[in-house]
Amino acid sequence: MLITGNYWAFTITDGALRMLVVMYFHQLGYSPLQIAMLFLFYEAFGVVTNLVGGWLGARLGLNRTMNVGLGLQIVALAMLMVPASMLTVVWVMAAQALSGIAKDLNKMSAKSAVKVLVPATSANANSALYRWVAMLTGSKNALKGLGFFVGGVLLTLIGFRGAVIAMAIMLGAVLLLSLWRLKADLGKQKVKPKFYEIFSKSRAINVLSAARFCLFASRDVWFVVALPVFLYDQHGWSHWTVGGLLAAWIIGYGGVQTQAPKLTALLKGDARTITAGWAAALAVLAILLALLPLAQVGWLVVGLLAFGVLFAVNSSWHSYLIVHYARADGVSMDVGFYYMANAMGRLVGTLLSGWLYMEYGLSACLWVAAALVAASSMMALALPKQAA
C-alpha cells in the first residue's frame with residue numbers, strides 16, 4: 001500500500017507537469033519541435049537512470065531509490081517556480097532532466113518491488129504476478145491521465161507557477177510519509193553487483209526490450225506533442241478540453257491494463273505468439289488511423305481511443321513479461337535495463353512527434369507509429385517459445 005500510494009502520488013504530478021509544459025509553452029509561442037526539445041533531457045536522462053537506477057536499487061534497496069525519486073521531483077518543480085522571464089529553454093530542459101530521473105527511479109523501484117513482494121513459490125505464482133503488475137501499471141496510467149486533466153485545469157485556474165507550487169507541496173507530504181513508514185530494504189541483493197552487470201545477458205530480456213522500444217516510440221510519436229497541438233491549433237480546443245481528452249485516453253488506457261490478464265487469455269499460445277499477435281493487431285489499427293480524414297475530429301478521437309485499448313493490452317503484457325523473465329535476485333537490474341529501452345523509445349518518439357508534425361502533419365506521425373508497432377511485432381517472434 002505504501003509503495004502503490006507513493007507511486008500514485010508521483011504519477012499525478014508527472015502527468016500534470018507534462019500537460020502544463022506542453023500547453024503553457026505552446027501558449028508562449030514555442031513551435032512543436034521546440035516543445036519536443038523541452039522533453040529531450042527528460043527522456044534522455046531516463047535512459048541512463050533506468051540502467052544506473054536498477055544497479056543502485058540492487059545495492060541500496062528499492063525503498064531508498066523510490067524516496068530519492070520523490071525528492072528529485074520536488075526539486076524539479078521548485079526550479080519551475082521562478083518568474084516567467086527566467087523560464088528559458090535551457091532552464092526548463094534542466095528541470096525536465098531532473099523530473100525524468102525522478103520518474104524512472106520511482107517507476108523502476110515500484111515495479112521491481114512487486115517481484116519481491118509476490119511469493120514465487122505459490123501454485124499460481126505467474127498468474128498472481130501478472131495480476132499485480134497489471135493492477136499497478138493500470139492504476140498508474142489511470143492516475144497519469146488524471147494528472148493530464150489536473151494540469152490543464154490548474155493552468156486555467158491558477159496559472160503555471162501556482163500549479164507547480166501546489167504539486168510540490170503535495171509531494172513533500174508524501175515524501176515525509178514515505179521516509180517515516182517505508183523502512184524495509186526491498187530488493188537489496190545479498191552480494192552487491194558490479195557496475196558492468198547492468199547490461200542484460202538474457203536473450204529474452206534483450207528481445208523484449210527492443211520490442212518495447214518500438215512499442216513506446218509508436219505511441220509517443222503522435223501522442224506527446226502532435227496530438228495536443230493539432231487539437232489546439234486546427235480545431236480550436238481549449239487547454240482544459242485538450243487535457244480532458246488526453247486524461248480520458250490515459251484513464252481508459254489504465255483501466256484496460258488492469259483487465260489485460262483476461263484479454264490476453266483470448267489469444268492462445270506461448271509468450272512469443274501472444275506478444276507478436278497483439279502487436280500485429282495494433283499495427284493494423286494504426287494503419288487504419290493513418291488513413292482517416294483528420295478534418296473529421298470525431299472519427300479521429302474514436303480511432304485514438306481504440307488505439308489506446310490495444311496499446312494498453314500490449315503494454316501490460318510486456319510489463320508482466322519483463323518481471324516474469326527477470327532474475328529473482330537482482331530483479332531491479334533486469335527491470336532497469338528493460339525500462340532503459342522504454343525510455344529510449346519515448347525519447348525517439350517525442351523528438352519525432354515534434355519534428356514530423358511541424359514538417360508533415362499528424363498523418364505522417366500516425367504512419368510512422370504504424371511502422372514502429374509492426375517492427376515491435378516482428379521482433380517479438382524472436383522471444384522464447386515457453387509459456388509465460
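Heavy-atom basis, side chains included; hydrogens, waters and symmetry copies ignored. Quick caveat: nothing in here was measured; it's all calculated off a predicted structure.
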If you define the side chain from C-beta out and look only at heavy atoms, does anything of [X] sit under 4.5 Å from [Y]?
X	Y	answer
I287	W367	yes
L17	Q96	yes
L347	M344	yes
M167	L20	yes
F213	N342	no
L362	L300	yes

Give the cluster check for [X] versus [Y]: same hydrophobic cluster or not, with ILVMFWY residues linked at side-chain heavy-atom distances below 4.5 Å.
X	Y	value
V75	V164	yes
V284	M378	no
V302	V256	no
L288	V301	no
L157	I12	yes

Working to the nearest 0.5 angstrom, can you tell me the gap between [X] [atom1] and [Y] [atom2]?
X	Y	atom1	atom2	answer
K103	I101	NZ	CD1	11.5 Å
L383	N206	CG	CG	11.0 Å
L77	M170	CG	CE	9.0 Å
F311	H318	CZ	NE2	9.0 Å
R212	S319	CZ	OG	4.0 Å
F10	L175	CZ	CG	11.5 Å

Pairs meeting criterion side chain to side chain donor-acceptor pair (under 3.5 Å) with involvement of residues 273-284, two or more places apart:
D270-T273, T275-W317
Dump the intermediate steps for side-chain contact (heavy atoms from CB on, under 4.5 Å) on S99 and D14, then the final yes or no.
CA-CA 8 Å; S99 184; D14 185 53; 4.3 Å; yes
Given the rule in the side-chain contact (heavy atoms from CB on, under 4.5 Å) test, do M379 and S209 qualify, once you have shown the distances and angles that lead to the verdict?
CA-CA 10 Å; M379 289 175 184; S209 298; over 6 Å; no
Nearest non-hydrogen partners of [X] and [Y], listed with the distance:
X	Y	result
A76	A95	CB-O, 3.4 Å
C214	A375	SG-CB, 4.1 Å
L285	G303	CD2-O, 4.5 Å
A168	I74	O-CG1, 4.3 Å
A283	V373	CA-CG1, 3.1 Å
R219	W249	CD-CH2, 4.0 Å

Which residue, V348, L366, L352, forms the side-chain contact (heavy atoms from CB on, under 4.5 Å) with V221?
L352
From the list L372, N314, V368, side-chain contact (heavy atoms from CB on, under 4.5 Å) with S218 holds only for L372
Taking [Y]'s backbone N and O only, do any of them form a donor-acceptor pair with [X]'s side chain (distance below 3.5 Å, no angle check)?
X	Y	answer
W299	L292	no
S315	A312	no
D220	T350	no
S377	A276	yes

Under the criterion side-chain contact (heavy atoms from CB on, under 4.5 Å), I'd like the reasoning laid out for L282 against L215: C-alpha separation, chi angles, the key distance, then a yes or no.
CA-CA 10 Å; L282 182 61; L215 183 67; 3.9 Å; yes
For the rings on W222 and Y357, is their centre-to-centre separation under 6.0 Å?
no
